[in-house]
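Scroll down for the structure; my scribbles are underneath it.
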Amino acid sequence: MNNLAIEVKNINVKYKFVKSMNIKQELIKMIKRKKETRTKEVWALKNLSFSIKRGSNVGIIGSNGSGKTTLLKTIASIFQPDSGEICVHENSISLLTLGAGFQPELSGYENIYLNGLILGFTKEQIDAKREEIIEFSGIGDFIYSPIRTYSSGMKTRLAFSIACHIEPDILLIDEVLGVGDESFRQKSNEKLKELIDHDRTVIMVSHSLPALQELCDELIWIEKGVLKEYGDTETVLNHYKEYMNNLRRK
Ligand SMILES: Nc1ncnc2c1ncn2[C@@H]1O[C@H](COP(=O)(O)OP(=O)(O)OP(=O)(O)O)[C@@H](O)[C@H]1O
């Protein structure tokens, strides 16, 4: 049996957006009758290839704008790569990210079902986990109120609780380490460690290097959309810190 959870093969991902102009630039463009296009492209991921073993805990690091979130969203199939291929050799994959995936007009209770069903679980499976999810989130009777009335901390607690209790084969976590108040931080760290211990494949993006050091066996380091290094946590972390220190000195 293939012991790989994910294979990323030569993926390229670009964003297209319209470049905004100030009034002066608009006027100059009109006077010169320039027909220049305002559509810009950013290649967020460039020719990225790697594979992740089943059951491993991998952190993704890199400076701001290096492509970490784009990579997680592409693995979660929220974005399609412009070229290349991602093969996921597991049944369920879930992206845990701040405020994503909720329908604001529905209650927390209804969103538990919505999220679970999207992840491919049956109503009976969600029924079995529902009370645990609500209990862990600690948001009390707010569970029956629309999500739009929640604070960002409450949304994060519920999102975290759903993703951890529904227990997908692959859990992708984007920058939610260390969120919430102190008691929830401790609780969520414990829960994460429990998930990691259970042979689940976990991939997490974080700027918190101590948290990654504690939780991950391996790190993927990307810079400007390109894979810089993939290896054991200590080695990659040392090289990354050296790189960041050199940048600061310049
Ligand atoms: N919706 C978008 N439209 C245009 N460009 C985008 C969009 N989202 C991201 N980008 C660009 O793509 C690149 C990668 O962004 P991404 O958010 O994946 O980086 P990141 O490593 O997660 O950043 P950070 O550490 O700051 O959260 C950046 O240059 C960013 O400006």
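Indexing begins at 1, ligand by ligand and atom by atom, following the structure's order.
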Intermediate values then yes/no, side-chain contact (heavy atoms from CB on, under 4.5 Å), Lys228 and His239: CA-CA 10 Å; Lys228 272 283 250 195; His239 293 160; over 6 Å; no
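- Protein non-hydrogen atoms do reach within 4.0 Å of atom 28 (C) of ligand 1.
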Derivation of the side chain to side chain donor-acceptor pair (under 3.5 Å) call for Asn10 and Asn47: CA-CA 4 Å; Asn10 303 102; Asn47 210 22; 3.1 Å; yes
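- A 6.0 Å sphere centred on NZ of Lys224 holds no more than 12 heavy atoms belonging to other residues, nucleotides or ligands.
- Taking hydrophobic clusters as Ile, Leu, Val, Met, Phe, Trp and Tyr residues chained together by side-chain heavy-atom distances below 4.5 Å, Phe79 shares a cluster with Ile75.
- Atom 21 (O) of ligand 1 has Lys68 NZ, 2.7 Å as its closest protein atom, hydrogens excluded (heavy atom only).
- Hydrophobic clustering keeps Leu71 apart from Val226 (ILVMFWY residues linked when any side-chain heavy atoms are closer than 4.5 Å, directly or through intermediates).
- Proximity annotation for atom 15 (O) of ligand 1: of Thr70, Val13, Asn64, Thr69, Thr70 comes nearest, heavy atoms only.
- Heavy-atom contacts of His207 reach the following atoms of ligand 1: 25 (O) (cutoff under 4.0 Å).
- Note that Lys187 lies in the cation-pi zone of Phe136, set by a 6.0 Å cut-off to the ring centre and a 45° limit from the axis.
- Annotation: atom 23 (O) of ligand 1 to nearest protein heavy atom, Gly65 N, 2.8 Å.
- Not a single heavy atom of Lys16 lies less than 4.0 angstrom from ligand 1.
- In terms of polar-atom proximity, defined here as any N/O pair under 3.5 Å, Val42 makes no such contact with ligand 1.
- Contact annotation: the side chain of Ile134 approaches that of Ile112 to within less than 4.5 Å [non-hydrogen atoms, C-beta and beyond].
- Atom numbering of ligand 1 starts at 1 in the shown order; those under 4.0 Å from a heavy atom of Ser66 are 19 (O), 20 (P), 21 (O).
- Under a 4.0 angstrom heavy-atom cut-off, Gly67 registers as being in contact with ligand 1.
- Tyr243 has its side chain within reach of Trp221: a pair of non-hydrogen atoms, C-beta onward, lies under 4.5 Å apart.
- Ranking the protein heavy atoms by distance from atom 8 (N) of ligand 1 puts Tyr15 CZ, 3.3 Å first.
- Within the 4.0 Å cut-off (strictly below), no protein heavy atom is located near atom 31 (O) of ligand 1.
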